[in-house]
2 protein chains.
Amino acid sequence: MTQEIGRRPNIYDVASAAGVSKSLVSLVLRGAPGVSPARRAAVEEAIERLNYRPSRAAATLAGNRSRTIGVVLDDYRNLWFVDLLAGLHDQLAPLGFRVAVADPSFNAHLDRTPVDGLMSLRVDGIVIATEPTEEMFAAVDVPVVVAGNRDMAVPGADVVANDDMMGGRLATEHLIGLGHREIGHVSGGGGAARLRAQGYDTAMRERGLRPHIARGQGLTTESDGYQAALKLLDESPSLTAIFAANDTMALGAAGAARDRGRRIPEELSLIGYDNSPLASANLLRLTTIDGRNAEVGAGAAKALLNRMEDRAVQIGTMLVEPELVIRASTAAL
Amino acid sequence: MTQEIGRRPNIYDVASAAGVSKSLVSLVLRGAPGVSPARRAAVEEAIERLNYRPSRAAATLAGNRSRTIGVVLDDYRNLWFVDLLAGLHDQLAPLGFRVAVADPSFNAHLDRTPVDGLMSLRVDGIVIATEPTEEMFAAVDVPVVVAGNRDMAVPGADVVANDDMMGGRLATEHLIGLGHREIGHVSGGGGAARLRAQGYDTAMRERGLRPHIARGQGLTTESDGYQAALKLLDESPSLTAIFAANDTMALGAAGAARDRGRRIPEELSLIGYDNSPLASANLLRLTTIDGRNAEVGAGAAKALLNRMEDRAVQIGTMLVEPELVIRASTAAL
DNA sequence: TCGTGTTTCTGGAGCGCTCCATTTTTATCC
DNA sequence: GGATAAAAATGGAGCGCTCCAGAAACACGA
């Protein structure tokens with residue numbers, strides 16, 4: 001036994017324990033074809049016996065790639081990303097790729113942007129699931145796709161998103177179809193919110209209805225939704241329905257409705273956006289727009305994979321069609 | 001210019017651009033003392049000019065440590081982890097450590113447990129913020145702390161958690177103090193829930209009150225809370241208050257109360273646990289127990305740091321005192 | 001001016017893998 | 001059975017850093 005105690009086993013330890021070369025161990029590790037079943041079994045047995053865990057650092061360094069896709073999130077509290085990650089994961093994991101999320105309150109002491117952190121990890125691709133900024137793209141030479149936001153036309157970066165404008169229209173037309181005419185919109189900061197508002201605005205004007213939009217102080221949090229909805233209800237008491245730019249803001253709007261004594265859906269219809277876990281909560285049973293984030297995630301994965309094979313291929317912008325999910329927060333007037 | 005195009009700059013490129021040795025660049029990178037200001041500036045300028053991003057893979061491999069702490073989460077939908085991460089981050093980031101979260105729906109294709117993935121990353125420590133299982137500890141030779149769960153007495157692993165039993169008692173005593181006598185408890189799976197139930201049970205029995213505990217089908221989700229609360233309300237209509245094992249289940253319980261026509265807090269007081277972002281939502285204004293997860297995170301970070309310096313030091317179990325946060329979901333009987 | 005101590009800087013070795021060219025083994029056919 | 005092709009296995013080079021021992025530069029008192 002040449003292995004000293006206290007040292008983590010490496011690929012050579014496994015090789016000698018299995019009676020093969022380190023290269024063969026490497027092949028087994030990567031699931032390469034063309035390894036005889038007998039040797040493969042011997043290597044796997046040795047791995048198990050030694051409790052060997054390959055060093056990703058060494059693999060990344062030697063292979064000049066990490067087989068990891070980085071995801072930049074914005075806020076854990078807004079749960080729209082959960083399905084996005086699931087969609088990414090489902091596509092990527094079978095191909096041996098890992099998904100690494102960059103902490104939203106990212107390691108600012110060490111990097112200027114979350115993307116820096118991912119680049120120093122040598123990720124093979126990046127999904128940006130937050131408002132993109134110019135500086136994020138500064139030092140990136142791997143495929144990038146922006147998910148869920150069509151705001152920024154980044155040369156060379158694909159965009160996969162749900163069609164927010166269509167979703168805004170869908171939500172609004174659902175309410176109009178239920179007989180509502182006085183419909184308010186609770187909006188927030190950011191590109192997706194802007195497009196949703198635009199869809200709302202178009203749908204309203206097409207029917208000759210007057211849009212009422214209130215925007216919260218901050219971005220798209222519950223309290224922003226609460227404040228904006230309060231404003232809407234106070235300034236336009238004749239409103240019979242509210243479309244909120246996302247489910248979290250819809251939760252805020254539901255609070256505002258309760259505080260103004262407006263029962264949902266009897267006295268006020270409410271529709272959200274994202275079909276997040278929150279929307280299915282029994283207290284809300286929120287009618288919402290499902291942006292089909294799992295499919296957005298899957299699309300982002302495919303875009304990345306395409307571009308990793310061939311940098312020239314570009315899908316440009318891919319839009320996923322959103323769907324109306326009717327629950328109990330909207331009712332006929 | 002010796003740097004070929006198309007290749008990422010490495011430490012040698014920076015060194016020659018700055019007219020120093022690679023070792024000096026390494027020192028600057030790590031913020032080491034004893035580098036003259038002039039050289040430091042030259043190196044930083046070169047880094048900037050070349051858009052250099054150090055390879056963490058190489059640094060990890062060479063240094064035999066990643067300066068990263070891994071966190072194992074269970075479910076992104078249950079937001080109690082948000083403050084925990086913040087607490088960890090605040091302690092660790094100033095010391096140059098990164099925080100890496102292991103995806104809950106972890107890369108099962110590649111690892112047997114989320115911990116495997118972190119070990120192959122060569123993290124310097126691990127925080128387990130989910131139900132620990134035996135196999136998680138199998139191949140781990142770095143400091144581990146279990147956060148938020150006291151269930152498992154793992155030899156050699158510190159435990160930092162809020163005092164769930166005390167919290168359960170606090171919640172129950174708050175309700176008793178408001179005059180409630182018929183108090184139900186909505187519980188869930190997992191060790192923390194068990195302790196909270198125990199605190200509830202003790203507080204009830206001490207006052208000679210009969211405990212009513214309902215447990216959902218699954219673990220601790222909204223729908224588990226909904227079902228359990230429905231059962232409670234239907235089987236014991238005389239209940240005037242419900243203590244839910246966490247805020248997510250309390251959301252479910254609020255739904256059940258609404259569906260049974262019990263207004264909160266007029267006809268039913270409701271108290272949750274965790275003081276998650278959900279609890280402060282205007283619709284709920286949920287009275288809850290704040291487990292002070294940021295402090296739990298900070299404590300976990302300190303425990304890890306201690307043990308990284310000296311493997312023998314052990315804090316054992318550290319309990320953070322929970323606090324009652326009174327909002328609007330509980331009222332005097 | 002020179003020695004001595006201190007601060008600053010440097011080159012070499014090596015971390016644990018992957019990739020590639022090459023060698024060895026096995027299978028196939030005449 | 002031997003030549004040839006295909007499959008399986010191997011050794012060496014090198015990825016980009018950190019760490020360490022030692023060299024160079026500098027400071028200062030005798």
Side-chain angles (χ1 to χ4, degrees), chain A residues 2-4 6-44 46-47 50-68 96 110 119-124, chain B residues 2-4 6-43 46-47 50-68 96 110 119-122 124:
Chain A
T2 48
Q3 194 197 333
E4 310 144 41
R7 192 172 54 76
R8 283 194 189 150
N10 62 23
I11 202 171
Y12 286 93
D13 298 322
V14 174
S16 70
V20 301
S21 72
K22 58 148 202 357
S23 301
L24 208 253
V25 177
S26 174
L27 291 172
V28 171
L29 247 30
R30 286 173 285 147
V35 175
S36 69
R39 300 282 175 104
R40 185 182 297 276
V43 169
E44 281 166 353
I47 287 174
L50 299 184
N51 227 330
Y52 167 73
R53 296 285 174 277
S55 161
R56 236 142 90 195
T60 298
L61 182 58
N64 200 30
R65 71 235 207 72
S66 58
R67 300 191 153 275
T68 299
L110 303 164
M119 287 310 291
S120 72
L121 251 189
R122 296 294 186 264
V123 294
D124 300 324
Chain B
T2 47
Q3 192 197 334
E4 310 144 40
R7 192 171 56 74
R8 283 191 190 153
N10 61 23
I11 201 170
Y12 286 94
D13 299 321
V14 174
S16 69
V20 300
S21 73
K22 61 154 199 356
S23 302
L24 209 250
V25 176
S26 175
L27 291 172
V28 171
L29 246 31
R30 285 173 287 148
V35 176
S36 68
R39 299 283 174 103
R40 185 182 297 277
V43 170
I47 287 174
L50 299 185
N51 226 330
Y52 167 73
R53 296 285 173 278
S55 161
R56 236 141 91 194
T60 298
L61 183 58
N64 200 30
R65 71 235 207 71
S66 58
R67 300 192 155 276
T68 299
L110 303 163
M119 285 311 291
S120 72
L121 251 189
R122 296 294 185 264
D124 300 323

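The chains referred to below are lettered A, B, ... by the order of the sequence lines, with proteins before strands, and numbering in each begins at 1. Keep in mind it's a predicted model, so treat the numbers as computed, not measured.
- Residue A:Asn10 is classed as a sugar-phosphate contact, given heavy-atom separations below 4.0 Å to backbone atoms only.
- A:Ser66 contributes atom OG, which lies 10.0 Å from atom CG of B:Leu121 (distance to the nearest 0.5 angstrom).
- Between A:Arg40 and A:Val35, the shortest heavy-atom contact is NH2-CB, 3.6 Å.
- In this structure, B:Arg65 reaches the sugar-phosphate backbone alone: every heavy-atom distance under 4.0 Å involves primed, P, OP1 or OP2 atoms, never a base.
- Residues B:Ile11 and B:Lys22 come closest through the heavy atom pair CD1-O, 3.6 Å.
- For C:dG11, the base has a donor-acceptor partner in the side chain of B:Ser23 [N/O atoms by modelled type, under 3.5 angstrom].
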Report all interatomic pairs (protein N or O, nucleotide N or O of nucleotides 24-26 of chain C) with separations under 3.5 Å.
none

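- The two residues B:Arg8 and B:Asp13 have their closest heavy-atom pair at O-OD2, 4.0 Å.
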Task: Step-by-step side-chain contact (heavy atoms from CB on, under 4.5 Å) determination, A:Tyr12 to A:Val25 - done: CA-CA 8 Å; A:Tyr12 286 93; A:Val25 177; over 6 Å; no

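- In terms of heavy-atom proximity, B:Tyr52 sits nearest to B:Val14 at CG-CG2, 3.5 Å.
- Taking 4.0 Å as the cutoff to heavy atoms of chain A, we find the contact window on DNA chain D bounded by D:dA8 to D:dG16.
- Position along DNA chain C of the nearest nucleotide to B:Lys22 versus B:Arg122 favours B:Lys22 as the more 5'-ward residue.
- Atoms CG (B:Leu24) and P (C:dT7) sit 17 Å apart, rounded to a whole Å.
- The shortest non-hydrogen separation linking B:Ala46 to B:Ala18 is CB-CB, 3.9 Å.
- Checking A:Leu27 against B:Ala57, the closest nucleotide of DNA chain D that is more toward the 5' end is the one next to A:Leu27.
- Here B:Leu29 contributes atom CG and B:Leu24 contributes atom CG; the two are 11.0 Å apart, rounded to the nearest 0.5 Å.
- Annotation: proximity of residues 30-37 of chain A to DNA chain C (heavy atom, distance under 4.0 Å) is found for A:Arg30, numbered in ascending order.
- Using a 4.0 Å cut-off, some side-chain N or O of B:Arg39 falls inside it from OP1 or OP2 of C:dC9.
- Overall, the helix from C:dT1-D:dA30 to C:dC30-D:dG1 carries an axis bend of 30° between its ends, with five pairs at each end and the value rounded to 10°.
- Annotation: side-chain hydrogen bond (donor to acceptor under 3.5 Å, both in side chains) contacts of B:Ser26 (sequence neighbours excluded): B:Arg30.
- The CZ atom of B:Arg122 lies 9.0 Å from the CG atom of B:Leu61; values are rounded to the nearest 0.5 Å.
- Residues B:Val20 and B:Arg39 come closest through the heavy atom pair CG1-CD, 3.8 Å.
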Can you give each donor-acceptor pair under 3.5 Å made by side-chain atoms of residues 53-60 of chain B, sequence neighbours left out, with the distance rounded to 0.1 Å?
unit_1  : atom_1 : unit_2   : atom_2 : d
B:Arg53 : NE     : A:Asp116 : OD1    : 3.0
B:Arg53 : NH2    : A:Asp116 : OD1    : 3.4
B:Arg53 : NH2    : B:Asn51  : OD1    : 3.3
B:Ser55 : OG     : B:Ala57  : N      : 3.3
B:Ser55 : OG     : B:Ala58  : N      : 3.1
B:Arg56 : NH1    : A:Gly117 : O      : 2.8
B:Arg56 : NH1    : A:Ser120 : OG     : 2.9
B:Thr60 : OG1    : B:Arg56  : O      : 2.7

